[in-house]
Number of protein chains: 2
Amino acid sequence: MTSKQRSAPASLATVAAAAGVSIATVSRIVNGETRRASAETVERVRKAIAVVGYHPNHAGRTLRRRESRLVAMLAPNLDNLVMAAIAASTEAALRAAGYVMILCDTHDRPDLQDEYLNAMRSQVVRGYIMVASVPSAGLKDFVADGAPMVFVNRRPPFGRGAFVGIDNVKAGADAADMLWSAGLRRCGVLAPAQGSSVTRDRLKGFCGRMRALGVTEIPAAEAAGRSHLEIGYEAARRLAARNGWLEGLMCVSDQIAYGAYRFARESGIVIPERCKLVGIDGNPLNRWIAPWLRSIEVKYEDFGEPIVELLDHVWHAGGDAEHIMPHGVA
Amino acid sequence: MTSKQRSAPASLATVAAAAGVSIATVSRIVNGETRRASAETVERVRKAIAVVGYHPNHAGRTLRRRESRLVAMLAPNLDNLVMAAIAASTEAALRAAGYVMILCDTHDRPDLQDEYLNAMRSQVVRGYIMVASVPSAGLKDFVADGAPMVFVNRRPPFGRGAFVGIDNVKAGADAADMLWSAGLRRCGVLAPAQGSSVTRDRLKGFCGRMRALGVTEIPAAEAAGRSHLEIGYEAARRLAARNGWLEGLMCVSDQIAYGAYRFARESGIVIPERCKLVGIDGNPLNRWIAPWLRSIEVKYEDFGEPIVELLDHVWHAGGDAEHIMPHGVA
DNA sequence: CTGAAAGCGCTTACAG
DNA sequence: CTGAAAGCGCTTACAG
């Protein structure tokens, strides 16, 4: 039975004393360098470790090695299954490589992003995974300093950097094809007001393809805000007020489609009979409760591997790099 | 312009040399002890900090102080908006109190939970927030050792510990009332097979209330698995196969209701006309795309504050404690 | 095969 | 008001 009193935790010195060997020897054995020690010593140290209940203290190791096994992920929010899928897969890939991921919620705010960047540097993290980063003074400094970074979804805001994401221009074009091949000719677009590179590219791809198909007029509505749900609702309201209900709507993200769906329902419009919705992201909830939504599928649960690969690349080779993920048409 | 070469980061010693003062003085000023230094010295040090680009290294501080500002949250998954809301609010509350949260995804697996507990102890974290923890050997040891822990949603598995969650028995009873007051008399229950304390309490409350209302037969179906979506689908299938479609279904969680909804749709059953669904959790997506679901509302975005309060309690006062959160009937 | 020793960056009584 | 010094736990050439 373990005592309920908290005593000073055992250190290498405690183990060394218990085993009657030097600290250096214990350190080597703890770190798996067992071939350079006699079997008998290894055994004695192992026993001592169990007896005194030793657990390594990474502060000491980090201080000495000048690097930790921590990797920071900065994400704009957690309330989106897209983020959850990216975070979960990256966490798994990092863990498999022996790293621990710290997930920071920046709320899409530059000031919080900088606060976290500084906090993470103080933790001596080994790398930064910036999911949908926002341009900020601190980020600019980190990039200039050559901090090991991988950007996800949104492209590096200051040029340099590794990138993992889909071809958003193509995804937008595919969304156009989806509506077109369903026979719809008069379609609108719903998007966030202050678009990131993601939004811009998806719009560009969609409109480009539509024009190539001979469509000259593409009604569009935007709305500001942080929640794509609310953006979708408001943009749908504006578009309907201006252009009435169109045959189809291309929504820059599935969450925007969810918002548009709600406004349609409240307006007595039946989706998809009266108006077809197409989104981008392939939200995993679609097949369960949003069967009315057709979406460009992105396998965010596959992002973890290439993200860690690129981080590795940044560590060892350095220099820019990108990994474009495939997307599907469900 | 910052150099693109990475040089050794500035330490207190760098600053001290640049300012022509001792390391101790710089340390004091960095830590805000400015009243014990002359204004002139403070100014000189501040300037030196800016010039050499100093940023504190927490490894050194943690080693010396024998404690960090890190708090670990272990959660069974991220792919549920319930978790996202708890994580986001806790992160905000911790940040306001000067702590940094590390979010770990245990995938509801005892082995991973133990792996993370050990990793977090090595990071010298100051506390552990166990969201829906699972019983494990490591957890038992940590509890016995008196590690500072707050349990969320699921009760402490080994007796001792602080707890934040709702009154699940009452929530189950409220769900029963919801169906009853809608005039439904023949209702079934959908639940996960290996129920946690959450599931058990919700079922207990529901069945107890139903019996009190004179209902003697309550058809129930269970299914195993990790995904409540799939559990809901499968349990609905089993119940329908055994009892046909009932008037109403009480789903232990909203995610289970989503699963049941899909099975109903695939079976040509119209929800809610043919069968009413009641869930528990108040998933924020309901109002957007699941208007057919009535749910017992839980404000998970309010959990952060009491969680941090209880952690504080554990640190200072110690001993068991609990904070029961209210829930609503939407 | 093993150990003594230096040093990572920081804090903190203590002395002055 | 300021500094010299010890020490937190660990790793790692180096010597033997």
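Numbered from 1 within each chain, the chains take letters A, B, ... in sequence-line order.
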query = Do Ile102(B) and Met101(A) come within less than 4.5 Å of each other through their side chains, counting heavy atoms only?
reply =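 Not in contact.
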
For the residue pair [X] and [Y], what are the closest heavy atoms and their distance?
{"X": "Ala37(B)", "Y": "Val42(B)", "value": "CB-CG2, 3.9 Å"}
{"X": "Tyr128(B)", "Y": "Leu117(B)", "value": "CD2-CD2, 3.8 Å"}
{"X": "Val26(A)", "Y": "Leu12(A)", "value": "CG1-CD2, 3.5 Å"}
{"X": "Asn118(A)", "Y": "Phe142(A)", "value": "OD1-CE1, 4.0 Å"}

query = Are Asp108(B) and Arg154(B) close enough for a salt bridge, meaning some N to O gap below 4.0 Å?
reply =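 Here Asp108(B) pairs with Arg154(B) in a salt bridge, since their nearest N and O are under 4.0 Å apart.
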
query = Under 4.0 Å between a Lys/Arg side-chain N and an Asp/Glu carboxylate O for Arg155(A) and Glu322(A)?
reply =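 Answer for the salt bridge query: yes.
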
request  = Establish, from distance only, whether the side-chain atoms of Asn31(B) and Arg28(B) form a donor-acceptor pair under 3.5 Å.
outcome  =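 No donor-acceptor contact under 3.5 Å links the two side chains.
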
request  = Indicate whether the side chain of Gln113(A) and that of Ser136(A) have a donor and an acceptor atom separated by less than 3.5 Å.
outcome  =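 A pair is found: one side chain offers a donor N or O, the other an acceptor, under 3.5 Å apart.
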
task = Flag yes if more than 12 heavy atoms outside Arg44(A) fall under 6.0 Å of its CZ atom; otherwise flag no.
result =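 More than 12 heavy atoms, drawn from other residues, nucleotides or ligands, come within 6.0 Å of this atom.
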
key: Residue list, ring pair (Phe, Tyr, Trp, His ring centres under 6.0 Å) with Phe303(B), at least two apart or on another chain   =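 Per chain and number, Phe303(B) pairs via ring pair (Phe, Tyr, Trp, His ring centres under 6.0 Å) with Tyr300(B).
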
inquiry  = In dot-bracket form, 5' to 3', how is DNA chain C paired? Count Watson-Crick and G-U wobble pairs only if both distances fall under 3.5 Å, and write | where the partner sits on another strand.
reply    = |||.||||||||.|||

ask   = Which residues in residues 42-66 of chain B have at least one heavy atom lying under 4.0 Å from any atom of DNA chain C?
value =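 Within this stretch, Tyr54(B), Pro56(B), Asn57(B), Gly60(B), Arg61(B), Leu63(B), Arg64(B), Arg65(B) sit under 4.0 Å of the strand.
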
Neighbours of DNA chain C within residues 12-27 of chain A, by heavy-atom distance under 4.0 Å =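 Within residues 12-27 of chain A, the residues near DNA chain C are Val21(A), Ser22(A), Ala24(A), Thr25(A).
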
Counting only pairs under 3.5 Å, give me each side-chain donor-acceptor contact of residues 69-88 of chain A, with atom names and distances, residues two or more places apart or in other chains.
from, atom 1, to, atom 2, distance (Å)
Arg69(A), NE, Gly98(A), O, 3.2
Arg69(A), NH2, Ala97(A), O, 3.4
Asn80(A), OD1, Val82(A), N, 3.0

Outermost DNA chain C nucleotides near chain A [under 4.0 Å, heavy atoms] =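 Reading along DNA chain C, I get dC1(C) to dG9(C).
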
